[in-house]
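Step one of this worksheet: look at the structure below.
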Amino acid sequence: MKIKKLFGYAREKITANMFILNCKRMWPYVKPNWFRALLSLVVAIPIGSMDALIALSLKPYMDLVMVERSLSASWYIPLVIILFTCVQGGLTYASDYLNTWVGTKITNRLKYDLYAKMLTYDTDFFTKTASGDVIFMFNNNAETASRGLLNNLKSFVQKIFSSVSLIAVLFYNSWQLALVCSAVLFGALLPMTTLRRKVQDVFDKTISAGSYLLTMYNETYAGNRTIVAYNLEELQRNKFKDGLRSVFKFQMKMLQKTKWLTPVMHVILSTGIGLAIWFGSHLVLSGSITSGSFVSFLTALIMLYQPMKSIGGNYNSVLMSFIAIDRVFSVFNTVPKIRNVENPKPFNTDFKKIEFRNLSFEYNAGVPVLKDINLSVNRGETLALVGNSGGGKTTIVSLLPRFYDVTKGGVFIDDTDIRQIDLHSLRQNIAVVFQDNFLFSGTIRENIMMGNENASDEQVNKAVKMAYLDDFVSGLKKGLDTQIGERGIMLSGGQRQRVAIARAFLKNAPILILDEATSALDNKSEAIVQKAIENLMQDKTVFVIAHRLSTIRNATKIAVINEGYVVEVGTHDELLRNECGAYKTLYDMQFKTKQA
């Protein structure tokens, strides 16, 4: 998915309206800490303003000491300068501390809300979006939007007040010189007005290239065994090198479009200093201003040069923060595809039947995956789905917990379309055991208790026993409190499946989905897991996708799915009696393979 499509963007320059809009957006996050945030900005005002006092103090010092040769000011003016510098340093520390504290708090709140928003996204989003893009969307943009914005606003405020106070010193010493230099200074600010339009597209491409590298890191971590097994190190290195080239190219383009601002302002401001020296010399010689005023003016002008020169860099950073805020709130404004209707109904735990009525489904528009599916299963029965790979079996069961929504027709529990049922209530009453179950980093106990966070030790131990996990757990030094590593990497495939089954036991949902839960296991592990599954299936309405037909002989109903169609429905014995049937063909192929 392209980065522009993910976030969208505007191309306007920073305006008062944009600033107000972004302040309104961020206010709910600033509000809990508004006093500290305001204080950090208020403290920045005297920090910047004190620069003017240093320049202003040089006027009496030059006139009294250097011109009139009086020693009365030779001791207290340097002490005043030192005193104000110490105060300025203390205020700078206080401002930085407050700013970091508030910025981190706001960033954490933004990240929390973005993470909560991410949890509302449907399966289709995570299927089509690279992990690097997800990290930028829900993590990196929060950093840039909040902490970066506050840091730059504080610096911006400090430099603005420093500039204003120094300009006041300029006018105090010589209004004629001040007018000339002010015109030059404001001319130096004009190039900033066109900057956003120039950087937006390159900024998007830089983020896209950076997210590609993050995706590569994630893939290398998750797929390290495949990389080693197939000797893909050189291929991965080359791909990563190409990604680095892209990042370098866009970073250089960003530099070309932004870093010209500082040298241009440097030239313009240096021109202003040159004009000030030429015109100021004339005013001193003509007696219009004193030497002290001229030195104070030049000092203020040179001090003004530094904040004005760096304002361009701060403007760039504020601009990046505004772009990040746009991205963050475009995520917040996204409406999930899978969501509740108004006034949803609670799940009816006393349901009698589940039906797929005239159901069709498309992952991509115009490419149907399921076509006119009609199936039903009564409460307490088992419906097995079999057929060739890619026929649509997993898609059918994915529609029941609304991982996706149907394109046409519907899934009904009794006569209620599941889209009318409260989403949390619906999923709370469905347990799923996948072929490759995801386990979270933590302990075995924590992973099992995800099925029921309030389960007692007795319930947990029963689930462990019913999942045939007790012998394995009893052999571990820390038992259920054993750490299993990220994605359960420290467990075997069969052990991971049994942990997932124990989790489903603990959930104790009336509807159970088994998506090829034993197909990736060896015969010994499969036999143990199959026994656990048989325990799990008791007194439940079960949808089972099976690769090995021997495991579904006792299913109430078997449906053969090929190319998105239901081609046969019946019991195991009924389907075997159809010599030309699809099920009979599949069964014979497996039987012959087993014999061979």
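When a residue number appears, it is its place in the shown sequence, counting from 1.
Crowding of Phe126 atom CZ: a count of heavy atoms from other residues, nucleotides or ligands under 6.0 Å exceeding 12. Crowding of Phe35 atom CZ: a count of heavy atoms from other residues, nucleotides or ligands under 6.0 Å not exceeding 12. Within a 6.0 Å radius of CH2 in Trp101, other residues, nucleotides and ligands contribute more than 12 heavy atoms. Other residues, nucleotides and ligands contribute at most 12 non-hydrogen atoms within 6.0 Å of the NZ atom of Lys345.
With hydrogens and angles ignored, the 3.5 Å screen pairs no side-chain donor or acceptor of Ser40 with any backbone N or O of Ser95. Put simply, the side chain of Gln483 never gets that close to the backbone of Ile444: no donor and acceptor are under 3.5 Å apart. One N or O on the side chain of Gln459 and one on the backbone of Ser456 form a donor-acceptor pair closer than 3.5 Å.
Remark: Leu39 CG to Leu98 CG distance equals 5.0 Å, nearest 0.5 Å. In this structure, CG in Asn452 is found 10.5 Å from NZ in Lys507, a value given to the nearest 0.5 Å. Between the CZ atom in Arg445 and the CG atom in Asp457 there is a gap of 5.5 Å [rounded to 0.5 Å]. Here CE of Met490 is found 12.5 Å from CG of Leu439. Values are rounded to the nearest 0.5 Å. One distance of note links CG of Asp124 with NZ of Lys337; it measures 4.5 Å at 0.5 Å rounding. Here the CG-OH distance, from Asn139 to Tyr115, works out to 12.0 Å after rounding to the nearest 0.5 Å.
Residues Asn141 and Ala324 come closest through the heavy atom pair O-CB, 3.7 Å. Residues Ala142 and Val328 share a closest heavy-atom pair of N-CG2, 4.2 Å. The heavy-atom pair separating Asn33 from Val102 by the smallest distance is O-CG2, 4.2 Å. In terms of heavy atoms, Ile421 sits closest to Pro346 at CG2-C, 4.2 Å. Contact detail for Val331 and Lys117: the closest heavy-atom pair is O-CE, 3.2 Å. Contact record, Ile338 with Asp122: CG1-CB, 3.5 Å, taken as the closest heavy-atom pair.
By the side chain to side chain donor-acceptor pair (under 3.5 Å) test, Arg427 is found to be paired with no residue, residues two or more places apart in sequence or in another chain being considered. Partners of Thr394 by side chain to side chain donor-acceptor pair (under 3.5 Å), not counting sequence neighbours, listed by chain and number: Asp515. Residues satisfying the salt bridge (Lys or Arg N to Asp or Glu O under 4.0 Å) criterion with Arg245, sequence neighbours excluded, are Asp242. Listed by chain and number, the residues in a ring pair (Phe, Tyr, Trp, His ring centres under 6.0 Å) with Phe248 amount to none (sequence neighbours excluded). Contacts of Lys478 classified as salt bridge (Lys or Arg N to Asp or Glu O under 4.0 Å), with partners at least two apart in sequence or in another chain: none. In this view, Tyr363 and Thr395 satisfy the side chain to side chain donor-acceptor pair (under 3.5 Å) rule, not counting sequence neighbours. Listed by chain and number, the residues in a salt bridge (Lys or Arg N to Asp or Glu O under 4.0 Å) with Asp405 are Arg402 (sequence neighbours excluded). With sequence neighbours left out, Arg503 forms a salt bridge (Lys or Arg N to Asp or Glu O under 4.0 Å) with no residue at all. Partners of Arg109 under the side chain to side chain donor-acceptor pair (under 3.5 Å) rule, at least two apart in sequence or in another chain, do not exist in this structure. Shown here are the ring pair (Phe, Tyr, Trp, His ring centres under 6.0 Å) partners of Phe329, two or more places apart in sequence or in another chain: Phe332.
The salt bridge (Lys or Arg N to Asp or Glu O under 4.0 Å) analysis of residues 83-108, with sequence neighbours excluded, yields the pairs Asp96-Lys154. Here salt bridge (Lys or Arg N to Asp or Glu O under 4.0 Å) pairs that include residues 27-42, with residues two or more places apart or in two chains, number zero.
A heavy-atom distance below 4.5 Å is found between the side chains of Val460 and Met449. Side-chain contact between Leu480 and Thr443 is absent, with no heavy atoms from C-beta onward closer than 4.5 Å. Phe347 is not listed as a side-chain neighbour of Asp422, based on a closest heavy-atom distance of 4.5 Å or more.
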Worksheet item: Stepwise, does the side-chain contact (heavy atoms from CB on, under 4.5 Å) test hold for Asn108 with Tyr112?
Response: CA-CA 6 Å; Asn108 289 346; Tyr112 175 81; over 6 Å; no

Item to complete: Test Tyr121 against Val134 for side-chain contact (heavy atoms from CB on, under 4.5 Å), laying out the working first.
Response: CA-CA 11 Å; Tyr121 276 61; Val134 171; over 6 Å; no

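Checking Leu114, Thr107, Asp113 one by one against Lys111, the side chain to side chain contact (heavy atoms under 4.5 Å, CB included) holds for a single residue, Thr107.
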